[in-house]
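Here the structure comes first, spelled out in structure tokens, and everything after it is commentary.
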Amino acid sequence: MGLPDDYRAMARIRRFEERLTALKDAGEIPGSIHLCNGQEAIPVGAARTLRDGDYVTATYRGHGWALARGVDMAGLFAEMMGRDSAVNGGRAASPYLSDPGRWFVGENSIVGAGVPIATGAALTAQRTGSGAVSVVSIGDGAMNQGNVHEALNMAAVLDLPLVLVVENNVYSEMSRIEDMVRVRQLAERAAGYGIPGRVVDGNDPDAVAEAVGEAVTRAREGSGPSIVEAMTERLVGHYSGDAQHYRPAGEVAAAREREPLARIRAAADADLAARLDVIDAEVAAEVEAAIAAARAVPYPDPATVKEYVYV
Amino acid sequence: MGLPDDYRAMARIRRFEERLTALKDAGEIPGSIHLCNGQEAIPVGAARTLRDGDYVTATYRGHGWALARGVDMAGLFAEMMGRDSAVNGGRAASPYLSDPGRWFVGENSIVGAGVPIATGAALTAQRTGSGAVSVVSIGDGAMNQGNVHEALNMAAVLDLPLVLVVENNVYSEMSRIEDMVRVRQLAERAAGYGIPGRVVDGNDPDAVAEAVGEAVTRAREGSGPSIVEAMTERLVGHYSGDAQHYRPAGEVAAAREREPLARIRAAADADLAARLDVIDAEVAAEVEAAIAAARAVPYPDPATVKEYVYV
Amino acid sequence: MSESLRYIQAVNAALTWALDSRSDTVYFGEDVALPGGPFGATKGLHKRFGSERIFDTPISETGFLGMALGAAMTGLRPIAEIMYADFTFVAMDQIVNQIANIRYSSAGRWKAPLVIRMQQGYSPGACAQHSQSIEAYLAHTPGLRVALPSTPDDAYQMLRTAVVSDDPVVVAEARMLYPTRGPVRTDAPVEPVGGARVVRDGRDATVVAWSRMVPAALAAADELAAEGIETEVIDLRWLNPLDFETVGASISRTGRLVVAHEANLTGGFGAEIAARAASECFTDLRAPVARVAAPDVPMPAAPALQKAVVPEAAHVVEAVRRTVNR
Amino acid sequence: MSESLRYIQAVNAALTWALDSRSDTVYFGEDVALPGGPFGATKGLHKRFGSERIFDTPISETGFLGMALGAAMTGLRPIAEIMYADFTFVAMDQIVNQIANIRYSSAGRWKAPLVIRMQQGYSPGACAQHSQSIEAYLAHTPGLRVALPSTPDDAYQMLRTAVVSDDPVVVAEARMLYPTRGPVRTDAPVEPVGGARVVRDGRDATVVAWSRMVPAALAAADELAAEGIETEVIDLRWLNPLDFETVGASISRTGRLVVAHEANLTGGFGAEIAARAASECFTDLRAPVARVAAPDVPMPAAPALQKAVVPEAAHVVEAVRRTVNR
Ligand SMILES: Cc1ncc(C[n+]2csc(CCOP(=O)(O)OP(=O)(O)O)c2C)c(N)n1
Ligand SMILES: Cc1ncc(C[n+]2csc(CCOP(=O)(O)OP(=O)(O)O)c2C)c(N)n1
Ligand SMILES: [Mg+2]
Ligand SMILES: [Mg+2]
């Protein structure tokens, strides 16, 4: 994979979420949505290091992971529109998506709860000798939930093939990381579990791929879990409708200079810029086609509402 | 405080628990008991650094803390006998004791659950400016519970006057610490919360007092929480009746050479030995008197069983 | 004096009152201080009372509910906020094994005067992890008080009662009712814990409801009145202490009972009301007891599916009709 | 073939069967491997099946129940052990918000074929944190199956059923029954999920019980028979799926219902049985429904106090008498 591929992968996520926001504003998305605008380099960089069969677990802010791992875009739109999508039949919506077909163990709406679950996917990989790894993404704030602590220690002691990616966007909803922890970097906690921890620039897909790649290799070799802390910034609110009055003036504007797509654009010569324009246009077309396809999906049949509780 | 005082304090706990075991075998103690035999130097050393008004929270293995902090011995016996004791009226028994009169926030039968509660006592101390500190003891295995993680991080970020004493006896019930964690010392986790962590010889009351004292001073000064990991060994089973078949041959015998009372005895000259004999005799008399007093306490009146649920 | 306030403003007013009038209260939870709470319940409080009295916690519900308990035992009067009732489950041990037990297990030597504020219920498009009505889990736990206000006035009065109570109280608010407006008696004396309220008289059937189902039941009663069925509606308000006397007295007049809640049917607290009626009002009952509740499914996110499970006024209407026509 | 086994030995036999016959099963929990479990449930399994199949976890219930879920979703069939039911509350999120939801919220694309084994109930001198009967919290959660075996044979059969089930099943055993001995059909085919059982016929009253209250109800029935009252005793066995048909059919014969459980009364699962009866068996009922349960107090440790709250056969006798004499 090279730069144009990364750009395309990130642009797809960005465009997807921009259009999602517009659809939300237009009343086409009933539930709450949490965007990863600005954080796209993390799922894209990480996904580069993964194979089919590797598991990914994310949070409610997981659209990027779903797309980067190949979950069908039209299906995602349809799911979030409350339609009978092939993804989760309208039962999950934006914050609790999953797709076994793409080994996407799924999002989770309970902070940190995905980490123990991802540990279980890693257990399966280890016990069946499949060679798969289990990658799980959480936010900086989630590092203070007990579930994450328990899962990390357990993965460490069982040598499970788990990679924890902490997307540190320095906010837990509306609270700053300084009010949440007394450490400079959350990766410092790795030592307490006896596992490696690294901090990387989360706005650079290459840096992410390098660090996650190292952790994935380690995990595949049976050497156990790692933590990769990817530093990034949210370009938007915590959720759709968040006015962000808690963010200092200029913070978002400054972040817009550093975000992964802007960075590539800023460094691009005329030739590359022209290629990126083409990609943008292709991505825009892909996204519009996905929306159109999603709109053709019917709403779920209320008569099926009691299905799927039990086998 | 000097050596004879420490010896007496530890001997009281030892004797208390030895007689408790005999009473249990004789059918006078209905519930399960968890002894701190071998670990007495930890509560005794720590208590030396505390004042009236300082809070202590312990686990089910907390008889030593209760006694070291001055909870009435006869009351403790009566409580464990299922009598209407002045301690907890027979409602708590051995593993869930507490005594507000001695600022003993109490034991807890849920692993780790006392740490968040101790954090609350520390919050009271901080917000009221009382100058008190909150000391909480847990086992090595408890360090892997989410509640401990959450409480430690929160205490750190709020600069609460909390001291966590980890009594590392290298077993969680019947499982070895090597199967529980991948770190050499649990105090290494302190760095991940941005707080100090130290390891001390938990069989030496002076070493414990020095380390806990440092943490207590720090807490009193408003500089926040610390972890003190006290290395020790259990001389007995996890609970009354534990056959300890999981312990390697000779382990307990070796531990008996290193335990705090034996150590003092081994180093004692004839003069000191004679003084210790006197203390032993006095302690034995105190314990027998406490048992006699406890036996005079009536059983709780079943008619009161619904009292105390609500104010 | 009575002010017209929205439900969420009434919560804010009660919290202002608490922090203002009781120096031992402290308030904490996620995003409650500077941000003013995700729904604005704590708007302005940090500015007014400062970080000593109201502060943000890490995302550590077990940690901060335990902290509330320890603080309450040692002299503070904490109010802790769980952002969504669903998150209670990450901290359930501190509620069930710790907060609910300590007074009893210490033979009354400790008490735990604390409040846990939360809000619950479905909303359009929200997933199963942000939609639950969890009161049955709480009301089965001895040692807790459980309050479910259904009006702005009760949001104010019951929260103040909770703050003053020396027992631990969980106040579970109804998120869907946050925008509703009503008169709030801001200068009323603080009420004692407990007490159901007959919010509409009727001779034909008794509907017992709480939280969001109270306005639904009232709407249902209006509709039923048009067809000549007079429904008595009881807002249960507190599941603990449970005021079954008011319910029983009503059943003795109507002979018919419908219980309505948003939580799913099986093991919901409606079962407790029905069970008491089947035991204590047996000779008064003239028709089978009916329950209106969500079926036993996790909450789906799609509104098309939610419509098929969320109980509304129409379900109450139907249940009362069925009951009266027996 | 039938062997005479103690309840706890039947559990061990079922686990041996599971690990032996299904290569996708793994077993984990605290002190389960080398130590063989605190009650001996897993004795010998580590020796026979090795660390690949059965291993100890740190004291991290949330961690390992989540691990069970992730493993079940991806192809294993984990059995996770919670040492005492009381400890469930530290891991409740993984049960209520995760394990119970995943199949529904993914529209059936994932499943969670896992078993959570635990044991519950009071024992003499045990404190409030080691004494609870928590089935009502579980049975209110859609997406879970809930099994409460009361005999050695059911301890064996129901655990095997749970292992084979593609839904998550909580098996809550009765610690106080561990020493009881009975015939176990070790070669019976694996039974499907669900099904109550009439364990004694009688025409005068129906007693519905589960877990430790089943032998208590049978003892009560013996005593009542001596005074001429014929009690039908139903072992409910599974709270989910709930076989109310068997209960309803019995009520249609007896006209009288007593429900007995060890958990505290309010919001206990007995309320659900009583509520269904009040709704579905209304015309059959000839007397008020009675519930036998612990009063709403945390469990005290002192035996003198426990005696005043723990329901026993005598309470069932008294309730049946009262019900029949109406
Ligand atoms: C157990 C739990 N507590 C609280 C919440 C509410 N909540 C949702 S997102 C969030 C902040 C998470 O912050 P972080 O982990 O940094 O992730 P980010 O949203 O920044 O990606 C909170 C508090 C929740 N969903 N679950
Ligand atoms: C949440 C919870 N899980 C499991 C248990 C059962 N249990 C009681 S003590 C114990 C071992 C604790 O080990 P450690 O923390 O090292 O303390 P020690 O007993 O050695 O003092 C376990 C697993 C419990 N009481 N609570
Ligand atoms: Mg964040
Ligand atoms: Mg230990």
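Every chain is numbered from 1 and lettered A, B, ... according to where its sequence line falls, protein lines coming before strand lines. FYI, side chains are in, hydrogens and waters are out, and symmetry mates aren't considered; it's all heavy atoms of this structure.
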Interface check, chain B: of A/Ile195, A/Leu158, A/Val183, most non-hydrogen pairs under 4.5 Å belong to A/Val183
So which N and O atoms of chain A and chain B form donor-acceptor pairs under 3.5 Å?
unit_1   : atom_1 : unit_2   : atom_2 : d
A/Met143 : O      : B/His149 : NE2    : 2.8
A/Asn144 : OD1    : B/Asn153 : ND2    : 3.2
A/Gly146 : N      : B/Glu150 : OE2    : 2.6
A/His149 : ND1    : B/His149 : ND1    : 3.4
A/His149 : NE2    : B/Met143 : O      : 2.8
A/Glu150 : OE2    : B/Gly146 : N      : 2.6
A/Asn153 : OD1    : B/Arg189 : NH2    : 2.8
A/Asn153 : ND2    : B/Asn144 : OD1    : 3.2
A/Asn153 : ND2    : B/Met180 : O      : 2.9
A/Ala156 : O      : B/Arg182 : NE     : 3.4
A/Val157 : O      : B/Arg182 : NH2    : 3.1
A/Asp159 : OD1    : B/Arg182 : NE     : 3.4
A/Asp159 : OD1    : B/Arg182 : NH2    : 3.3
A/Asp159 : OD2    : B/Arg182 : NH2    : 3.1
A/Met180 : O      : B/Asn153 : ND2    : 2.9
A/Arg182 : NE     : B/Ala156 : O      : 3.4
A/Arg182 : NE     : B/Asp159 : OD1    : 3.4
A/Arg182 : NH2    : B/Val157 : O      : 3.1
A/Arg182 : NH2    : B/Asp159 : OD1    : 3.4
A/Arg182 : NH2    : B/Asp159 : OD2    : 3.1
A/Arg189 : NE     : B/Gly192 : O      : 2.8
A/Arg189 : NH2    : B/Asn153 : OD1    : 2.8
A/Gly192 : O      : B/Arg189 : NE     : 2.8

Return each pair, listed once, that meets ring pair (Phe, Tyr, Trp, His ring centres under 6.0 Å) where at least one residue sits in residues 201-227 of chain A; pairs must be two or more places apart or across chains. none
Just give me the residue among B/Gly146, B/Gly112, B/Ala187 that pairs up with chain A most often, heavy atom to heavy atom, under 4.5 Å. B/Gly146
Interchain contact, A/Met180 with chain B, by part (heavy-atom threshold 4.5 Å): backbone
Report the option among A/Leu152, A/Val157, A/Val148 that has the most heavy-atom pairs separated by less than 4.5 Å from atoms of chain B. A/Val157
Which answer fits B/Ala156, side chain, backbone, both or neither, if we ask what part of it has an atom under 4.5 Å from a heavy atom of chain A? both
